Number of protein chains: 4
Amino acid sequence: MTPSAPAEMSTVALDAGLARGGRPRSKEREREILAAALHALVTEGFDAMTIEGVAAAAGAGKATVYRRWHNKIDLVIDAIGEQVALRAEIVDTGDIGADMRSYLRQLQRDLLGPNGALLATFMAERLRHPALAEAFEAQYASEKRACLRKLVRRAVERGALPADTDIDLLAGVGPALMVYEFVQRGGRLPRDLPDRIVRQFFE
Amino acid sequence: MTPSAPAEMSTVALDAGLARGGRPRSKEREREILAAALHALVTEGFDAMTIEGVAAAAGAGKATVYRRWHNKIDLVIDAIGEQVALRAEIVDTGDIGADMRSYLRQLQRDLLGPNGALLATFMAERLRHPALAEAFEAQYASEKRACLRKLVRRAVERGALPADTDIDLLAGVGPALMVYEFVQRGGRLPRDLPDRIVRQFFE
Amino acid sequence: MTPSAPAEMSTVALDAGLARGGRPRSKEREREILAAALHALVTEGFDAMTIEGVAAAAGAGKATVYRRWHNKIDLVIDAIGEQVALRAEIVDTGDIGADMRSYLRQLQRDLLGPNGALLATFMAERLRHPALAEAFEAQYASEKRACLRKLVRRAVERGALPADTDIDLLAGVGPALMVYEFVQRGGRLPRDLPDRIVRQFFE
Amino acid sequence: MTPSAPAEMSTVALDAGLARGGRPRSKEREREILAAALHALVTEGFDAMTIEGVAAAAGAGKATVYRRWHNKIDLVIDAIGEQVALRAEIVDTGDIGADMRSYLRQLQRDLLGPNGALLATFMAERLRHPALAEAFEAQYASEKRACLRKLVRRAVERGALPADTDIDLLAGVGPALMVYEFVQRGGRLPRDLPDRIVRQFFE
DNA sequence: AGATAATCGAGACGGTACGTCCCGTCTTCCA
DNA sequence: TGGAAGACGGGACGTACCGTCTCGATTATCT
């Protein structure tokens, strides 16, 4: 993410509507609620946690929560997004194997860390809520995809990969296998998966 | 499960308990309920569907549902097992490219057909509901995976693929990319994806 | 009320709808809820009492209350109606003064007793809820009015009252003055009001 | 309230506190709020109306309302006092029948006119909200009652009515019957009721 | 054939969370 | 400083499902 884009706005929180008059919403309240939500998510799980309970734990009224988030999903996503940054950075050193391995290891750390729950939630809801998928796409995935594509394209141009390489496909194979395995195994991942992927497809 | 077992029992449904006397449970009822459950799962999603709604849609009383299944997950697992037949068959003709292309095309048809929504739902929910994932695994995925693995192993043995091939990884790359794209694109798939996968990874 | 008319049905409670199947509603539950409602009405007052609180006090779920009564008014009316009988009886001994005095004294006792609250509630809501007014009319008022009219008519026929008496008007003057005073004084009544009314208008 | 007091102050409204500096409270605001309150009272009833709704309808902030009135009752009382003019005048021409008939006809017009709904609401709510009753009493009823009493007393002194007349009772019988019928009939009144009352009780 | 017993649809039951509304207080900015 | 706007903690509203339970009415099987 380029430094010129602040983009620190909540992804999902309701707009306050440019409200000119009136008492502004308290950032403090917001932070306390998000913290309570995160705590509830971790200790109780998504299904069991309750908006009512989150509000109570934050010492807030229910209306104060509903004023900002329409539903549990939005609340949870913001709660995670607040504390979290899926910042798997992609650098291009000219060594496609090393670069891809480095990126996949970061992705592995992200999936296994607290962000795994975020990804799971996203995956679970994106088919039913296209808007959510788009938000995720716009905020995170599209940039990663573009970077990976460039990485592969330049490797092909360099001759490090065959000239007839299907660039889009090869750029996607890393994340696809990582996520597929992650889902398949119910949130776990083999330690050496990044290495194996690189060895099989990029060397 | 011993191989001699006919395996026509429900995976999860409660035992009727050898009921000596009394009116036996109606298979008819059971099928109607499972059909209604499946419909609800696909149209509403796991979280939104209600047992009460399934019972009503099946013209059954709530007790008739609870008598057979303790909770929503058990019901849904049985519903899927009963009705679903993702019969992407895997044959081994000795031509790994052709065999893989044939399988992926079948998978593509499945994903885009009526079972696609079901599969997507399943994929989406499995991270949040491990029991669902396990059931799906046991019932469908593990067999496919084993077949694909054998296919790839024999191609390696034949010398059609390099000797240092990561068999597990290569066996998984096809489904992984197909499903990843499917979820990514919100239920659509490029027509030529199977061909591109085969060309890139199996030729 | 003639003995041939059982009329012990709830005035306001929702119909169970002739429900052929299903578990029947428990009379026991109903009685406990009504008792709790009456207690709440007396101790907290109409405005302050809460359906939620009544349900809790009765050890019942909210749905069990709402299944039977749509709103607080209906609940309270039934609660009062259960325990109470506005049974100011009207007898015709041939002495209009004595009979009227006897009736008005009973009415006085009713107004000052626990039924006063009932009347107050009825009066307060009847203009806004015509259905309520009709129910009260049908169940209580119309019969009283007819009796009083007959009482006065026979006194006129007997010559105990002038021949040009406006029977409807004179029949209504007792209750009108009693209730008017009752409302005017905020739920209190002069002890000797029945006597004064009889002395002024019926002797 | 001392007789020298100009009495143009609100009965219940909070004191502005001699506001030394700052912007003075707008009389305009006050009138608009009271008008909105009156409208809400008549159309929705005391219980259903909300201060929030009144403020919104008046285009005022909630604080602007609460700054002047502590609660709904105070607001409503002022609203009525501000706008209502039940100006049934009572004159004493020496003919008790004619005077009473004239007054009752004015009362009839009032009840059937736009103020009728207000009066009805008031009568309906006074039993449940004694403060409302007192306000109404102080502001309207007590004066009328005194006038009517004087009217009757002088008729008795004149010999136009029997010497043993119960003056209070007879003074009250007109309004009592009118209002009782009005409430009983859900806001309607027989055209000839004033005439019949006078003929029966004052001639 | 009759008794026995578990089934069936229906729906009431005590609960719990939902999302909305209003309370009365407060905080902010504008005039 | 008054006023419009509206956020705040609180709490009741009426609804929807949960999973359990009762009800009368069907079925089968076992005497």
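Quick caveat: nothing in here was measured; it's all calculated off a predicted structure. Letters go in sequence order (proteins before strands), and every chain restarts at 1.
Distance CH2 (C/Trp69) to P (F/dT15): 15 Å, rounded to an integer number of Å. Look at CG on B/Asp47: it is 16 Å from C1' on F/dA16, rounded to the nearest Å. Nucleotide F/dG10 holds its P atom 12 Å from the CD1 atom of A/Ile33, rounded to whole Å. Note: OH (A/Tyr66) to P (F/dC13) measures 18 Å, nearest angstrom. Atom NE2 in B/His70 sits roughly 15 Å away from atom C1' in F/dC18 (whole-Å rounding). Between B/Lys27 atom NZ and E/dC8 atom P there is a gap of 11 Å when expressed in whole angstrom units.
Along DNA chain E, the nucleotide nearest C/Gly61 and the nucleotide nearest B/Gly61 are compared for position; the residue whose nucleotide lies closer to the 5' end is B/Gly61. Residue whose closest nucleotide on DNA chain F sits further toward the 5' end, between A/Ala58 and B/Lys72: A/Ala58. Sequence order on DNA chain E of the closest nucleotides to B/Thr64 and C/Ala60 puts B/Thr64 first from the 5' end.
Of the residues in residues 49-57 of chain A, not one places a heavy atom less than 4.0 Å from an atom of DNA chain F.
Interatomic distance, CD1 of D/Ile80 versus CG of D/Leu34, reported as 10.5 Å (0.5 Å rounding). Rounding to the nearest 0.5 Å places CG of D/Asn71 at 4.0 Å from CG of D/Asp74. With values rounded to the nearest 0.5 angstrom, C/Asp78 atom CG is found 11.5 Å from C/Leu38 atom CG.
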Kindly indicate, with the supporting measurements, whether the criterion side-chain contact (heavy atoms from CB on, under 4.5 Å) is fulfilled by D/His39 and D/Glu44.
-> CA-CA 8 Å; D/His39 183 257; D/Glu44 305 178 63; over 6 Å; no
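Of all non-hydrogen atoms in C/Val54 and C/Ala36, the two that sit nearest each other are O-CB, 3.8 Å.
A salt bridge is defined here as a Lys NZ or Arg NE, NH1 or NH2 lying under 4.0 Å from an Asp or Glu carboxylate O, and A/Arg68 with A/Glu30 meets this definition.
With hydrogens and angles left out, the side chain of C/Lys62 and the base of F/dG14 share a donor-acceptor pair within 3.5 Å. The base of F/dT26 is paired with the side chain of B/Arg23 by a donor and an acceptor separated by under 3.5 Å.
Side-chain nitrogen and oxygen atoms of D/Arg68 include at least one within less than 4.0 Å of the OP1 or OP2 phosphate oxygen of F/dG3. A close approach under 4.0 Å does not occur between any side-chain nitrogen or oxygen of A/Arg67 and OP1 or OP2 of F/dG9.
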